[in-house]
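Input: a single structure, listed below in structure tokens.
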There are 2 protein chains.
Amino acid sequence: METVQHETGPRRRVTIADIALRAGVSKGAVSYALNGKPGISEATRRRILDISEEFGWYPNSAARALSAARARACGLVLARPARTLAFEPFFMQLLAGIEAELSSRSVGLTIQVVDDVEAEMAVYRRWWAEHRVDGVLVKDLRIVDPRVEQIEQLGLPAVVIGGPEGTGSLSAVWSDDAGAVVEVVRYLARLGHERIARVAGVPEFLHTEIRTEAFLATMAELSLSSQVLTTDYMAESGAQVTRQLLSDRRPPTAIVYDNDVLAVAGLGVAHEMGLSVPRDVSLVGWDDSLYTQAVHPPLTAVTRDIVVMGMHAASALLALIDDGVVTRAGEVCGQLIPRGTTGRPPGAASGSTRAPRPFARRQRDERDGLTLNRKSS
Amino acid sequence: METVQHETGPRRRVTIADIALRAGVSKGAVSYALNGKPGISEATRRRILDISEEFGWYPNSAARALSAARARACGLVLARPARTLAFEPFFMQLLAGIEAELSSRSVGLTIQVVDDVEAEMAVYRRWWAEHRVDGVLVKDLRIVDPRVEQIEQLGLPAVVIGGPEGTGSLSAVWSDDAGAVVEVVRYLARLGHERIARVAGVPEFLHTEIRTEAFLATMAELSLSSQVLTTDYMAESGAQVTRQLLSDRRPPTAIVYDNDVLAVAGLGVAHEMGLSVPRDVSLVGWDDSLYTQAVHPPLTAVTRDIVVMGMHAASALLALIDDGVVTRAGEVCGQLIPRGTTGRPPGAASGSTRAPRPFARRQRDERDGLTLNRKSS
DNA sequence: AGGGTCGACTGTACCGGTTAAGCATCGACG
DNA sequence: CGTCGATGCTTAACCGGTACAGTCGACCCT
């Protein structure tokens with residue numbers, strides 16, 4: 001059944017007209033058969049399917065998009081400078097999750113990297129007008145975010161990764177950041193920490209605000225002394241604020257970082273300053289990665305299954321495109337993985353609270369502890 | 001000149017028919033005008049351009065692709081497991097470079113993540129048949145690589161990132177890995193190292209072989225004792241081989257890693273084993289990243305401007321698609337950035353050779369030292 | 001036998017662009 | 001004054017699918 005290629009140079013593409021000719025039926029019949037629509041006898045359908053397979057036929061995506069008004073592609077715009085983008089495993093993990101879901105339903109993924117939100121919105125307008133994508137995934141929701149209204153106005157199907165608030169009428173998938181922050185603070189408090197600092201990311205992002213508010217509220221509730229500094233997610237900036245914090249007359253005994261780059265940079269600074277971790281200061285990272293596990297001591301960190309989050313975002317988007325189902329939830333829960341960078345604060349009496357084993361190399365399988373709550377509306 | 005939107009719900013897309021109606025000309029005239037083709041008076045062209053701008057018109061990409069047989073999109077398949085993919089800044093940097101070049105020429109980028117080379121080839125066949133992309137970028141060239149022949153057979157325009165050999169008739173862009181290896185070995189030799197190990201990546205990749213051969217040749221030339229171990233690029237695996245190397249009766253005094261994840265993991269193991277870096281052992285990473293700079297001490301590493309490499313690959317692909325120009329070179333040179341993880345081997349007499357400043361925090365601008373040689377054929 | 005229904009197809013318009021061919025109009029030129 | 005050629009535009013076919021309105025024969029019912 002192998003088709004031999006006699007000509008040299010590029011092969012000519014097979015169209016349904018070729019199949020129709022060979023099967024002795026009309027183009028319409030072929031279309032019905034290939035799309036599993038009724039009105040074709042089982043025998044004819046079988047014959048057409050066999051021929052199309054023999055010919056190695058795939059539908060011309062442009063032709064299909066033109067007549068069916070479906071591009072069979074989704075879009076993702078990355079609106080952070082390439083420098084920070086490249087170093088956050090978060091993006092690639094998300095991408096991998098999104099792609100896994102889309103390609104399993106043979107939908108393509110088109111991506112574009114831009115400089116700012118303004119450019120991002122321009123891309124949405126263009127994609128919409130060009131019919132290039134059927135829907136988009138929106139990342140890094142801001143506290144006031146012009147993208148939501150823009151997308152609503154275009155009527156472009158979209159799923160926001162972030163929230164739960166501020167997503168307007170759009171579908172949304174988010175992770176329970178507030179819950180994870182509370183868990184981290186309680187954990188550090190149990191170890192005896194009383195002065196905890198948070199090294200946050202860009203304050204315009206909604207998740208930064210959510211985490212900061214949860215942090216301050218929990219700290220206040222436990223009557224602990226808190227401090228919040230913001231960064232641009234870069235190692236340089238994480239190193240700088242860590243140096244500043246640890247140079248203080250009464251430095252915090254624990255620091256919680258907003259991503260893994262910042263945490264690794266913070267650990268580097270502690271070493272550089274001759275401090276022992278976790279004896280002199282405890283550090284907690286956000287978003288586990290190969291790096292947080294590779295450094296020494298391995299970083300205590302909050303993990304979320306970002307791949308799964310990407311998969312659910314993509315799945316929600318396809319549901320929206322195909323059936324108009326608006327997903328208003330789809331929460332991925334984070335979990336704290338204690339490793340080697342957290343312990344009792346300096347000068348604390350040992351005894352009452354159970355300290356984590358230092359440098360404990362727990363199994364990666366712990367990540368399976370992640371749960372996913374899914375509600376639809 | 002603002003157009004007010006009165007209707008609620010999704011806006012209707014503007015087509016050239018709408019523009020033609022408004023301008024009082026035919027569809028064909030509008031098409032000529034918008035594409036800058038001759039046969040339209042300057043006045044009419046101006047009028048049509050103004051109207052299309054007022055209407056916010058963009059060409060329906062499907063319609064254009066169908067008639068012009070140009071998808072105005074390129075493809076990139078990532079064929080490594082998501083786990084390793086997510087943690088190599090290399091990919092995102094490459095992506096950023098590719099995207100910068102493509103979007104500046106308003107060409108889209110479609111990506112797909114697959115498990116193996118077989119699946120990757122299937123994607124190329126499908127993309128080709130679907131007309132979904134005009135060309136592809138091929139990564140991680142293997143020593144024997146079935147993808148090259150597959151792509152040649154399809155007549156699909158492609159640029160291989162890797163080489164210079166084994167790329168058949170395809171365009172290629174590569175980095176001078178052999179040269180960088182020689183530089184690293186010479187540098188370590190000058191410091192007095194006599195036993196150097198190389199922790200390599202996947203041996204099937206051509207660049208792994210190129211680096212290993214250059215390593216062994218240079219080591220032999222200098223009559224030094226060498227050792228090569230392979231890994232799967234994961235931190236786990238890098239940690240394991242480092243532990244093995246350093247536990248040896250006569251351990252190497254310097255280790256050269258094949259990427260940044262491996263190097264960071266190696267540094268973690270050295271710390272874990274109570275070794276001081278660079279006093280007890282020197283480490284060199286490959287592909288600089290935020291992490292190599294964030295750890296303590298900051299890693300000596302080979303840098304390449306991967307973003308620029310991506311840009312040149314994309315640019316070569318567009319040249320191939322538009323004008324059929326086959327680019328057979330476009331070399332990005334790597335450069336060694338000495339930082340804090342390299343020094344004299346233990347027990348070496350100090351004096352004759354100049355030791356690098358330990359922990360030297362050199363400027364990022366050093367990366368500008370990268371050069372790019374471009375030849376066309 | 002005549003009419004109705006159903007299944008299995010065919011014919012064709014259409015999606016929104018591109019482009020070859022055709023056709024006025026006009027100035028220039030022999 | 002007729003004709004030639006350039007200019008500026010129109011017409012219509014075409015790209016490769018989808019989908020709706022028919023057509024046609026077989027079968028069923030009364």
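Note that these values count all heavy atoms, side chains included, but never hydrogens, waters or copies made by symmetry. In what follows, chains carry the letters A, B, and so on, assigned in the order in which the sequence lines appear, proteins first and then strands, with residues in each chain numbered from 1.
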For residues 109-116 of chain B, tabulate all N or O donor-acceptor pairs below 3.5 Å that involve a side-chain atom, not counting sequence neighbours.
residue: Q112(B); atom: OE1; partner: R126(B); partner atom: NH2; Å: 3.2
residue: D116(B); atom: OD1; partner: E118(B); partner atom: N; Å: 3.2
residue: D116(B); atom: OD1; partner: A119(B); partner atom: N; Å: 2.8

Length of the [atom1]-[atom2] vector between [X] and [N], whole Å:
| X | N | atom1 | atom2 | answer |
| --- | --- | --- | --- | --- |
| R46(B) | dG8(D) | CZ | P | 16 Å |
| I16(A) | dT18(D) | CD1 | C1' | 8 Å |
| E130(A) | dC15(C) | CD | C1' | 16 Å |
| R47(A) | dA8(C) | CZ | C1' | 12 Å |
| D18(A) | dG17(D) | CG | C1' | 13 Å |

Legend entry - Taking every non-hydrogen atom, the tightest pair across F90(A) and I306(A):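 Scanning both residues completely, I find the closest heavy atoms to be CD1-CD1, 3.4 Å.
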Legend entry - For the student: nearest non-hydrogen atoms of I151(A) and L170(A), plus distance: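 Nearest heavy atoms, I151(A) then L170(A): CG2-CD2, 4.0 Å.
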Legend entry - Touch class at under 4.0 angstrom, heavy-atom based, for V25(B) against every strand present: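 Sugar-phosphate only.
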Inset, instruction - Report which part of the nucleic acid S26(A) touches: base, sugar-phosphate, or nothing (heavy-atom distance under 4.0 Å, all strands). - result: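 S26(A): base contact, heavy atoms under 4.0 Å.
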Inset, instruction - Using the test side-chain hydrogen bond (donor to acceptor under 3.5 Å, both in side chains), find all partners of S169(B) that sit at least two apart in sequence or belong to another chain. - result: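 side-chain hydrogen bond (donor to acceptor under 3.5 Å, both in side chains) check on S169(B) returns E152(B).
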Legend entry - DNA chain D contacts made by residues 59-72 of chain B, counting heavy atoms under 4.0 Å: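 The stretch gives L66(B), S67(B) as the residues lying under 4.0 Å from the strand, ordered by number.
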Inset, instruction - Could you tell me whether D18(A) and R22(A) make a salt bridge, using a distance below 4.0 angstrom between a side-chain N and a carboxylate O? - result: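 Salt bridge between D18(A) and R22(A), a charged N being under 4.0 Å from a carboxylate O: no.
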Inset, instruction - Without swapping roles, check the side chain of W128(A) against the backbone of L154(A) for a donor-acceptor pair under 3.5 Å. - result: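 Yes; judged by distance alone, with no hydrogens or angles, the pair exists.
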Inset, instruction - Ignoring hydrogens and angles, tell me if any N or O in the side chain of S171(B) forms a donor-acceptor pair with the backbone of T327(B) under 3.5 Å. - result: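 Pair found, side chain donor or acceptor close to backbone of T327(B).
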side-chain contact (heavy atoms from CB on, under 4.5 Å) involving [X] - partner list, sequence neighbours excluded:
| X | value |
| --- | --- |
| A319(A) | V325(A) |
| S41(B) | A43(B), T44(B) |
| Y32(A) | K37(A), I40(A) |

Inset, instruction - Scan residues 91-109 of chain A for pairs that pass salt bridge (charged side-chain N to carboxylate O under 4.0 Å, His left out), counting only residues two or more places apart or in two chains. - result: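 Non-adjacent pairs meeting salt bridge (charged side-chain N to carboxylate O under 4.0 Å, His left out): R105(A)-D322(A).
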Inset, instruction - Can you spot which of L141(A), V173(A), L206(A) makes a side-chain contact (heavy atoms from CB on, under 4.5 Å) with T167(A)? - result: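 The side-chain contact (heavy atoms from CB on, under 4.5 Å) with T167(A) is passed solely by L141(A) among L141(A), V173(A), L206(A).
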Legend entry - dG11(C) base / K27(A) side chain donor-acceptor hit below 3.5 Å: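 No, the side chain and the base share no sub-3.5 Å donor-acceptor pair.
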Legend entry - Any pair counted as side-chain hydrogen bond (donor to acceptor under 3.5 Å, both in side chains), so long as it reaches residues 56-74 of chain B, sequence neighbours left out: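 side-chain hydrogen bond (donor to acceptor under 3.5 Å, both in side chains) check on residues 56-74 of chain B returns N35(B)-R64(B).
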Measuring to OP1 and OP2 of [N], would you say a side-chain N or O of [X] lies under 4.0 angstrom away?
| X | N | value |
| --- | --- | --- |
| S31(A) | dG17(D) | no |
| T15(A) | dC15(D) | no |
| W57(A) | dG16(D) | no |

Legend entry - Any residue meeting salt bridge (charged side-chain N to carboxylate O under 4.0 Å, His left out) with E53(A), in chain and number order, not counting sequence neighbours: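 With sequence neighbours excluded, E53(A) shows a salt bridge (charged side-chain N to carboxylate O under 4.0 Å, His left out) to no residue whatsoever.
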Any N/O pairs under 3.5 Å between the protein and nucleotides 20-22 of chain D? List them or say none.
residue: dC20(D); atom: N4; partner: Y32(A); partner atom: OH; Å: 2.6

Legend entry - Five-pair end axes of the helix from dA1(C)-dT30(D) to dG30(C)-dC1(D), angle between them (10°):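 For the helix from dA1(C)-dT30(D) to dG30(C)-dC1(D), the axes at opposite ends meet at about 70°.
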Inset, instruction - Could you identify which residues of residues 35-43 of chain B place a heavy atom less than 4.0 Å from some atom of DNA chain C, listed by residue number, or say none? - result: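 Under 4.0 Å from DNA chain C: N35(B), K37(B).
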Legend entry - Along DNA chain D (nearest heavy atom to each residue), the more 5'-positioned of R45(B) and H131(B):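 Looking at the nearest nucleotide for each, R45(B) comes out on the 5' side.
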